[in-house]
Amino acid sequence: MKDSSDLDIEAIRAKYRAEREKRLRADGIHQFVEIKGRYAHYLDDPYLEVTPREPLTDEVTVAMIGAGLAGLVVGARLVQEGITDVRLIDKASDVGGTWYWNRYPGAQCDVESYVYLPLLEETGYIPTEKYVHAPEIVEHCRRIANQFGLYDNACLSTEVTAVDWDAEASRWIIRTNRDDAIRARYLIMGTGPLHRPKLPGIPGIESFAGRSFHTSRWDYDYTGGDVLGGLDKLLDKRVGIIGTGATSVQCVPHLARACKRLFVFERTPSTIDVRNNRPTDPEWVESLEPGWQARRVENFTAMSHGGPATEDLVDDAWTDIISRLLDEIQAGADLSPAELGALMERLNVVKMNELRARVDELVRDPATAAALKPWYALFCKRPCFHDEYLQAFNDPAVELVDTDGKGVERITENSVVVGGVEYAVDCLIYATGFEVGTAYTRRAGYDLTGRDGRTLSAYWADGMRSLHGMHVHGFPNMFIVGATQGGLTANYPHLVEECAKQLTYIIGRALEEGVREVEATEEAVSAWVAMFEGSMYGTGFGGPVECTPGYFNAEGQSSGALSVYPQGPLAFFSLMENWRNAGAHEGLKFRW
């Protein structure tokens, strides 16, 4: 580790707090407008291929709402356990979830593909790069669906409109926009947190008369090109992009090469670490032994979340801080918990200083470089990695419009206004991400009605209530796959895999024993929820400072949008394994 003895930690904390204060807003997550009514066209699916069919009124053993990574992994594991009567239901016209929607130029995974793409050993596939691009990810999703027969019974291009519990039959009834009334013995919600795009509530947003679209609905008819770039129709266009998160970081270099003029409107800069992508080494592939992916996945989670590990198998920017910590500990440091926390904060500051220095190294204009420097603790926001994004701002056709934390002032018929200055644009692109933390019914577009006519929205009126993040009292035979009140990981498919183990075990046991209903007790739910008081994710990794607003902390309101297991993901996964091994089904009630 670089010498950090001269770091002024208090000054850094003060700077972080000052930058955070600039960005705090009283409306929090409500600063984003709901996409409906006059904004509904931003939800239109440009890739939709609807195949006409008759309405379904049949029954399945398991209905899985969502055909993204959650639906695919859980579905595959159920099939492996002999539960083959599984139906995936999704509004998209194909599997892939987030990767169905995210087809913007430059889209690729930012977690190493050997740990991010699930079921590699099971499908016999090895990714072509360390960080593969979107087309390869989507193709792997299709590979999983094909290999495990998940297409056979799937309902794609189908939007759920209502889900109701039939107490007399102990079945869920799923109604859709295609007049389906599907009955399911078990219902699994695998809709994930990243599927409904959000728009900033900027005054005048509805008045823009040029072409506008969200990055999850990229308009290639207008821009030309495809996910790999070549946006040739923008050569004479002035383009504005609002947002500087992971999506913008990946597509800005392609826009910079294509546009006559590109304005990047920034409220908060992202951290931009080295990507260093490279082709997969054939010799490394030859060296792999059975079980290699599970070992690598667990190692990545340990190295990126502070869990126990003795080596770094992945060795990238995600794992860098823990690698440095291990070096310190292995050098003979005997640290108390307080000393360990102080060391972690110091390592965090050293890392962030390096990232800020990287901006100076790559961006020629000092003012632009200063605006691109992130002033918050690493992991306050999802880290970004790219080897062309920062350099794009050296192009004379590209202008960073720094809003100094305030955001865009307003939008007119043909321009974006920041600080009283109008920036005329022909096309406006919203790289503003997906809704996180808003009401479930707003994101899903429907409600669930459980036992005694109680809706999920009513039960969760004061916040999510679950056992293990998967079970909800009053909603028997219904399971949730997600990070909230569970084990959040940077590598989301790892969480999905662990949830799949839990759900296939429970459903398998219930079917084997002829159980009619499985439901969490209210006492178990209350005890589990109580654990999360004060455990809000978003304090930053390795420091006591409060984070800059973002979706990790409900835009600075810390309302519990991403409350996760306090001891970390590996401890959560271990807890679930011990729960299964005990065989007592603690917290669940089985009814015959």
Does [Y] offer a backbone N or O that forms a donor-acceptor pair with the side chain of [X] under 3.5 Å?
X: S304; Y: F300; answer: yes
X: N477; Y: R185; answer: yes
X: R87; Y: D152; answer: no
X: Q250; Y: Q108; answer: yes
X: T504; Y: K501; answer: yes
X: W165; Y: R171; answer: no
X: T280; Y: P127; answer: yes
X: S216; Y: P197; answer: no
X: T84; Y: V79; answer: no

Do [X] and [Y] meet the criterion of a side-chain donor-acceptor pair at a distance under 3.5 Å?
X: R217; Y: H214; answer: no
X: H494; Y: T489; answer: no
X: E129; Y: H133; answer: yes
X: D164; Y: T449; answer: yes
X: E517; Y: S170; answer: yes
X: D447; Y: S457; answer: yes

Inset, instruction - Using the side-chain contact (heavy atoms from CB on, under 4.5 Å) rule, pick out the option among E523, E519, K589 that qualifies with H473. - result: E519
Just verifying a value: how many Å separate [X] [atom1] and [Y] [atom2], rounded to the nearest 0.5 Å?
X: T57; Y: I173; atom1: OG1; atom2: CD1; answer: 11.0 Å
X: I188; Y: L78; atom1: CD1; atom2: CG; answer: 5.5 Å
X: I241; Y: C427; atom1: CD1; atom2: SG; answer: 9.0 Å
X: F532; Y: S466; atom1: CZ; atom2: OG; answer: 6.5 Å
X: H468; Y: L588; atom1: NE2; atom2: CG; answer: 7.5 Å
X: T158; Y: L156; atom1: OG1; atom2: CG; answer: 7.0 Å

Inset, instruction - Step by step, work out the side-chain contact (heavy atoms from CB on, under 4.5 Å) result for V515 and R591. - result: CA-CA 6 Å; V515 174; R591 300 186 185 93; 5.7 Å; no
Side-chain contact test, heavy atoms from C-beta onward, threshold under 4.5 Å: evaluate it for [X] versus [Y] and give yes or no.
X: E498; Y: M576; result: no
X: I429; Y: Y104; result: no
X: L56; Y: C155; result: yes
X: V132; Y: C109; result: yes
X: T176; Y: E159; result: no
X: T247; Y: T432; result: no
X: R451; Y: F475; result: no
X: R178; Y: V50; result: yes

Atom of [X], atom of [Y] and distance for their closest heavy-atom approach:
X: P493; Y: L69; value: CG-CD1, 3.8 Å
X: D110; Y: W318; value: O-NE1, 2.8 Å
X: A92; Y: W101; value: CB-CZ2, 4.1 Å
X: D44; Y: P46; value: O-CD, 3.1 Å
X: H305; Y: P569; value: CG-CG, 3.8 Å
X: I480; Y: W460; value: CD1-CH2, 3.7 Å

Inset, instruction - Taking side-chain contact (heavy atoms from CB on, under 4.5 Å) as the test, write out the residues that go with C499, two or more places apart. - result: M470, V481, L495
All salt bridge (Lys or Arg N to Asp or Glu O under 4.0 Å) counterparts of [X], not counting sequence neighbours:
X: R142; result: D94, E139
X: R580; result: none
X: D180; result: R53
X: D85; result: none

Inset, instruction - Only counting residues at least two apart or in another chain, list the ones meeting ring pair (Phe, Tyr, Trp, His ring centres under 6.0 Å) with Y430. - result: Y42
Inset, instruction - Assign the ring pair H585 / W579 to parallel, tilted or perpendicular, where the plane angle (0 to 90°) is split at 30° and 60°. - result: tilted
Using side-chain hydrogen bond (donor to acceptor under 3.5 Å, both in side chains) as the criterion, list what pairs up with [X], not counting sequence neighbours.
X: E112; value: K130, R296
X: D166; value: R183
X: T223; value: W218

Inset, instruction - Evaluate whether atom CD of E298 has more than 12 neighbouring non-hydrogen atoms of other residues, nucleotides or ligands under 6.0 angstrom away. - result: no
Legend entry - Other residues, nucleotides, ligands: >12 heavy atoms within 6.0 Å of E513 CD: yes
Sequence neighbours left out, cut at 3.5 Å: what donor-acceptor pairs do the side chains of residues 115-125 make with other protein atoms?
from : atom 1 : to   : atom 2 : distance (Å)
Y116 : OH     : W99  : NE1    : 2.7
E121 : OE1    : G291 : N      : 2.9
E121 : OE2    : G291 : N      : 3.2
E121 : OE2    : W292 : N      : 3.2
E121 : OE2    : Q293 : N      : 3.3
E122 : OE2    : R77  : NH1    : 3.3
E122 : OE2    : R77  : NH2    : 3.0
T123 : OG1    : L119 : O      : 2.7
T123 : OG1    : L120 : O      : 3.3
Y125 : OH     : E136 : OE2    : 2.5

Inset, instruction - Determine, stepwise, if the pair V60 / V86 fulfils side-chain contact (heavy atoms from CB on, under 4.5 Å). - result: CA-CA 7 Å; V60 294; V86 178; over 6 Å; no
Inset, instruction - May I have all residue pairs that pass ring pair (Phe, Tyr, Trp, His ring centres under 6.0 Å) and include part of residues 46-75, sequence neighbours excluded? - result: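 Found Y47-Y100.
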Legend entry - Qualifying salt bridge (Lys or Arg N to Asp or Glu O under 4.0 Å) pairs with a residue from residues 460-484, counting only residues at least two apart or across chains: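 Output for this query lists R465-E522.
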